[in-house]
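Any value given below was found using the heavy atoms of this structure, including those in side chains, with hydrogens, waters and symmetry copies removed.
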Amino acid sequence: MVQHFIEPEFCLIPDSATAKLELYLRTDKLLDPIPYLHFYKESNIRALNWIAQDGDEQYVLPAFGSHNDPKFFFKERERIQLHNRSFFRCQGEFFLITEEKERGLCLKQLSIICNQALLQLVARSGNLKDYEFILCKAYEISQEHPFICYLWSGYKTTPLSGRSSTAMLPVFIEDFHELLQYERRDLHLIPLEVGEIMKYKDQNFVVKSAADGIYIDDLSNALLNKRRL
């Protein structure tokens with residue numbers, strides 16, 4: 001299957017074991033850091049910090065480094081403690097907290113929305129839980145008609161008013177900022193069929209089907225499994 005959660009880029013403290021060691025080096029104390037998602041007043045910026053409490057003393061370690069720490073510019077509005085399986089968005093990326101024996105709580109970054117379970121997680125985090133999604137390839141409506149990206153095209157109709165709404169989520173999270181440059185009406189969407197090949201950078205993927213809907217698999221894995229049969 002596709003590796004959909006990866007080690008986060010530019011993250012200095014990706015797990016509680018690293019945070020615990022960093023706190024020991026700074027304080028000479030064995031403390032238990034806890035991850036928190038922070039929200040700030042007059043800003044839509046979010047930040048992830050590891051926090052350890054020692055009596056009245058509180059130690060805060062920004063996961064992505066102090067140069068990305070919004071507390072230097074904004075007052076804190078709210079903080080949410082994160083646990084194993086917490087899914088959230090921070091700094092424009094989607095993350096999941098997992099737990100490992102040696103590393104403790106770990107920060108993982110979503111790279112590909114490759115199945116229905118992940119699609120629903122992302123949709124709920126963006127208040128899109130009632131949308132029906134179709135896997136598509138998107139082209140710009142223009143004279144050149146260039147390919148833009150692969151995406152999940154969402155649609156919802158409100159029963160009482162009859163009004164319809166649309167939404168778009170990129171399959172490959174790296175395409176998120178590219179997709180934000182377009183409105184739905186600016187794109188020509190073609191649904192992808194089961195068995196169709198998706199080429200992204202230096203990798204090939206294949207659209208497959210399961211009981212809960214279509215999903216995306218690494219083509220090399222699919223061919224290997226077929227040969228084994």
Do [X] and [Y] share a hydrophobic cluster, counting only Ile, Leu, Val, Met, Phe, Trp and Tyr and linking them when any side-chain heavy atoms are less than 4.5 Å apart?
{"X": "Leu180", "Y": "Ile141", "result": "no"}
{"X": "Val194", "Y": "Leu119", "result": "yes"}
{"X": "Leu135", "Y": "Leu189", "result": "no"}
{"X": "Leu169", "Y": "Phe147", "result": "yes"}
{"X": "Ile148", "Y": "Tyr200", "result": "no"}

Is the number of heavy atoms from other residues, nucleotides or ligands within 6.0 Å of [atom1] ([X]) greater than 12?
{"X": "Glu76", "atom1": "CD", "answer": "yes"}
{"X": "Glu102", "atom1": "CD", "answer": "no"}
{"X": "Glu42", "atom1": "CD", "answer": "no"}
{"X": "Gln58", "atom1": "CD", "answer": "yes"}

Distance from [X] atom [atom1] to [Y] atom [atom2], nearest 0.5 Å?
{"X": "Leu37", "Y": "Glu78", "atom1": "CG", "atom2": "CD", "result": "8.5 Å"}
{"X": "Lys137", "Y": "His188", "atom1": "NZ", "atom2": "NE2", "result": "9.5 Å"}
{"X": "Thr27", "Y": "Glu22", "atom1": "OG1", "atom2": "CD", "result": "9.5 Å"}
{"X": "Tyr131", "Y": "Thr166", "atom1": "OH", "atom2": "OG1", "result": "7.0 Å"}
{"X": "Lys201", "Y": "Glu174", "atom1": "NZ", "atom2": "CD", "result": "3.5 Å"}
{"X": "Arg184", "Y": "Ser153", "atom1": "CZ", "atom2": "OG", "result": "5.0 Å"}

So, for [X] and [Y], which heavy atoms are closest and what is the spacing to 0.1 Å?
{"X": "Val207", "Y": "Leu192", "answer": "CG2-CB, 4.3 Å"}
{"X": "Leu105", "Y": "Leu82", "answer": "CD1-O, 4.4 Å"}
{"X": "Ile113", "Y": "Trp152", "answer": "O-NE1, 3.0 Å"}
{"X": "Pro62", "Y": "Ile13", "answer": "O-CD1, 4.0 Å"}
{"X": "Phe94", "Y": "Phe176", "answer": "CE1-CE1, 3.9 Å"}
{"X": "Ile173", "Y": "Leu110", "answer": "CG1-O, 3.5 Å"}

Test your reading of the model: is there a side-chain donor-acceptor pair from [X] to the backbone of [Y], 3.5 Å cut-off?
{"X": "Asp54", "Y": "Glu57", "result": "no"}
{"X": "Trp50", "Y": "Leu23", "result": "no"}
{"X": "Glu196", "Y": "Glu193", "result": "yes"}
{"X": "Arg46", "Y": "Arg89", "result": "yes"}
{"X": "Ser16", "Y": "Arg103", "result": "yes"}
{"X": "Asn49", "Y": "Ile51", "result": "no"}
{"X": "Asn204", "Y": "Leu219", "result": "no"}
{"X": "Tyr150", "Y": "Lys199", "result": "yes"}
{"X": "His145", "Y": "Glu140", "result": "yes"}
{"X": "Ser209", "Y": "Ile214", "result": "no"}

Under 4.5 Å between any side-chain heavy atoms of [X] and [Y], yes or no?
{"X": "Cys149", "Y": "Val171", "answer": "no"}
{"X": "Tyr59", "Y": "Arg26", "answer": "no"}
{"X": "Phe87", "Y": "Ser125", "answer": "yes"}
{"X": "Ile97", "Y": "Leu107", "answer": "yes"}
{"X": "Cys136", "Y": "Met168", "answer": "no"}
{"X": "Ile216", "Y": "Met198", "answer": "yes"}
{"X": "Lys208", "Y": "Tyr215", "answer": "yes"}
{"X": "Asn115", "Y": "Asp212", "answer": "no"}

TODO: Describe, in one word, how the ring planes of His38 and Tyr40 are oriented to each other, choosing from parallel (under 30°), tilted (30 to 60°) and perpendicular (over 60°).
DONE: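 Plane angle under 30°, so parallel.
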- Message: Pair Leu118, His4 - check side-chain contact (heavy atoms from CB on, under 4.5 Å), show working.
- Response: CA-CA 9 Å; Leu118 286 172; His4 40 269; 3.5 Å; yes
Note to self: Tell me if the centroids of the rings in Tyr36 and Phe39 come within less than 6.0 Å of each other.
What the structure shows: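 Aromatic pair excluded; centres sit 6.0 Å or further apart.
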Glu7 and Lys108 ion-paired at < 4.0 Å:
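Yes, this pair counts.
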Exercise. What do the steps show when you test Asp175 against Leu151 for side-chain contact (heavy atoms from CB on, under 4.5 Å), and what is the final call?
Worked result: CA-CA 9 Å; Asp175 293 333; Leu151 58 81; over 6 Å; no
Check the pair Phe95, Leu48 against side-chain contact (heavy atoms from CB on, under 4.5 Å), reporting the backbone distance first and the verdict last. CA-CA 10 Å; Phe95 297 95; Leu48 178 68; over 6 Å; no
